[in-house]
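Below: one structure, written as structure tokens.
Order of the sequence lines sets the chain letters (A, B, ...), proteins ahead of strands, with each chain counted from 1.
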Amino acid sequence: MSDSAATDAGIVSTARSPDGAAVWVDGLVKRYAEVEAVRGIDFEVATGEVFGFLGPNGAGKTTTINMLCTLVKPTAGAARVAGHDVVRERDDVRRNIGLVFQDPTLDAYLTAAQNLRLHAELYRLEKKVIAPRMRQVLEMVGLWERRSSTVGTFSGGMRRRLEIARGMMHSPRVLFLDEPTIGLDPQTRRSIWGYIGELREREEITIFMTTHYMDEAEWCDRIAIMDHGQIVALDAPEELKSQVGHDRVTINTDDDDAAIAALRERFGVEARVHEGAVTFGVPGGEQFVPRLFDEWDPAHPPIRSVSVSRPTLDDVFMSHTGTTIRDAEEDQAKNRNRMMVQMMGGGRR
Amino acid sequence: MSATTERGAAVGAVGSVAAGADGAAAATPVISVHVPPHSLASELRAIRIVWQRDLIRFVNDRIRIAATLVQPLLFLFVLGSGLQRLSSAGTHGVNLKTFIYPGILCIAVMFTAMFSAASIVWDREFGFLREMMVAPVRRSSIVIGKCLGGATVACSQGIIMILLAGLVHVPYAPLLILAIFGLQLLLAFTITAFGVMIAARIKQMQAFFGVMQMIVMPMFFISGALFPASGLPQWLEILNRLDPLTYAVDPMRRLVFSHLHVSAAARAALDPGVTWWGWHVPGLLEAGVIALLGLAMLAVAIAEFSRVE
Ligand SMILES: Nc1ncnc2c1ncn2[C@@H]1O[C@H](COP(=O)(O)OP(=O)(O)OP(=O)(O)O)[C@@H](O)[C@H]1O
Ligand SMILES: [Mg+2]
């Protein structure tokens, strides 16, 4: 425990002390009977940060959140949330966190307002602030007008928004959002990101979220890429992308094969045809383009168009895990199917 | 108010979420709330809200209310009138419906209590249990609130049964009613605690009802709800004395019979009372047995729910 803190101190100079960080995790492990869901992760989240966990299905994101929110006991390692130990000071951790679980946890038979009131009572909010606070969070997610409707009549997006409002009801210092936008249409996803942005501006809050949408990870201040229970990369999205080390250049020509050969001979880059255009990666793509035109032999097929794009998080994920997130999920799905067949056959659980 | 409608509109418009947010932020300061450390008062609040939730859900559930109203009528009149045709000779002139009234009251309360406890299994299936489990309150408060909620809902069933007493010639004597009310409340609590204890372990609805059926039906038949608890074959007598429901039905029947004008022979035949090795168990002790069982199961349920994971 202490030696891992010491080695990491060199990397994140100011940070590896448990005080002051909103979330501080050291060598956290969770082992279930059949799988090691989390295999020793270390990270920390500064107060006020939006921190994202990105990873395919089964990477261990939810398990990590469950340990941080005291619902699951770590097999090994330590973690502190809002300055409190998640094993020894459970009650203090719970007072200071808000949660939006991956699966819905509303009472569909109660109204929106009754759900929030129940929450307020469980979190022992002062009586006189309950009503105004409820109004505030409901207005934030645009559900104030629907406060007296039964949650059972809400659409999936409305329920999600209500859960976010509920998670905010008691002004938590750290808000955990496990896949807050999964299964929602792009518009609702955007508005949910709107609330999250709004939250950061209005309240002093740290947000810890998981997602497997690459585009959403871009909204985070920092992201950790998780795969098979381990963190394989952790940095700001821009940093991660620049660490990939190359930009993607795409050119259109009349003769792709000749162009690929020319690129190999003259510039030493391996290009391939991807979606009908010649694509290759080079460091500093913008500087490469002028050189490309200067040195492009008139004998080569003329270049009709060229575009340069920065590496995406997909490229980052690929460079760290060797697969795209989609492939990783397909593998997982296959495993899951196999497991399900086993379970039905073996009658386990 | 107008700010609210504007915001409602802004959320709908693509891309204007942030703009709407800024407007609202400027208009209303953030209402500051904080969660104090836990205290006895806060635990009582948690118990109350968990209890209240069960009541709200019950009141909103018309089908359950209808079942609450119809179920006792079905039991009492269909079963009572049907059996009466067979056994009028053996009841010494006492209406069979009067005789089975305490037993039917107990079983009606028991079914309702089971159903209330089952809501924990629903809560787990539909995720709501996690909302309560992660709240900064003691698990014991949640379990106690749940048991009280179930007991209260089951109580409504008991009250309906008590209202029906006159129809089966049980007099509305205030003391009798009060005592019956107290006994059925105790039973409702104990059965809910039992159901909650089971629900801590059994996570699927079907399995839960399977287990319940396996336990509740025999309990009902063995308890003496439908027959007097004396002169039984030895094996049945042993089972009868082990069945907790026996100790709810018996004192209730004794109370009812003490308010009836019946012959000594009828009393001896129909209300012989429960004996332990020949010793007549007093009603208060019987109530104590129910209460003790309830508390023990509550304790187990709390321990089960307090384990992490
Ligand atoms: N209660 C449990 N018992 C046994 N294994 C579990 C349990 N919970 C999770 N696991 C296993 O731990 C691994 C990680 O699961 P986890 O739910 O943390 O993944 P995730 O990253 O949240 O995935 P997703 O994107 O699908 O939500 C999986 O292999 C899963 O099967
Ligand atoms: Mg998950």
Under 4.5 Å from any heavy atom of chain B, what part of [X] do you find: side chain, backbone, both or neither?
X        : value
A:Asp92  : neither
A:Arg166 : side chain
A:Pro132 : both
A:Glu163 : neither
A:Ile130 : side chain
A:Leu125 : both
A:Phe101 : side chain

Minimum heavy-atom distance A:Asn115-B:Phe128, with the two atoms named: OD1-CE1, 3.9 Å
Top contributor to chain A contacts, counting heavy-atom pairs under 4.5 Å, from B:Gly127, B:Ala46, B:Pro136: B:Pro136
Any donor-acceptor pair under 3.5 Å from A:Arg124 side chain to B:Arg45 backbone: no
A:Arg95 side chain to B:Val35 backbone, donor-acceptor under 3.5 Å: yes
In Å, rounded to the nearest 0.5 Å, how long is the span from [atom1] of [X] to [atom2] of [Y]?
X        : Y        : atom1 : atom2 : answer
B:Ile56  : A:Thr111 : CD1   : OG1   : 8.0 Å
A:Leu122 : B:Met133 : CG    : CE    : 12.5 Å
B:Arg138 : A:Asp91  : CZ    : CG    : 5.0 Å

Which atoms of B:His38 approach chain A - backbone, side chain, both or neither, heavy atom under 4.5 Å: both
B:Arg57 with A:Asp107: basic N within carboxylate O range, under 4.0 Å: yes
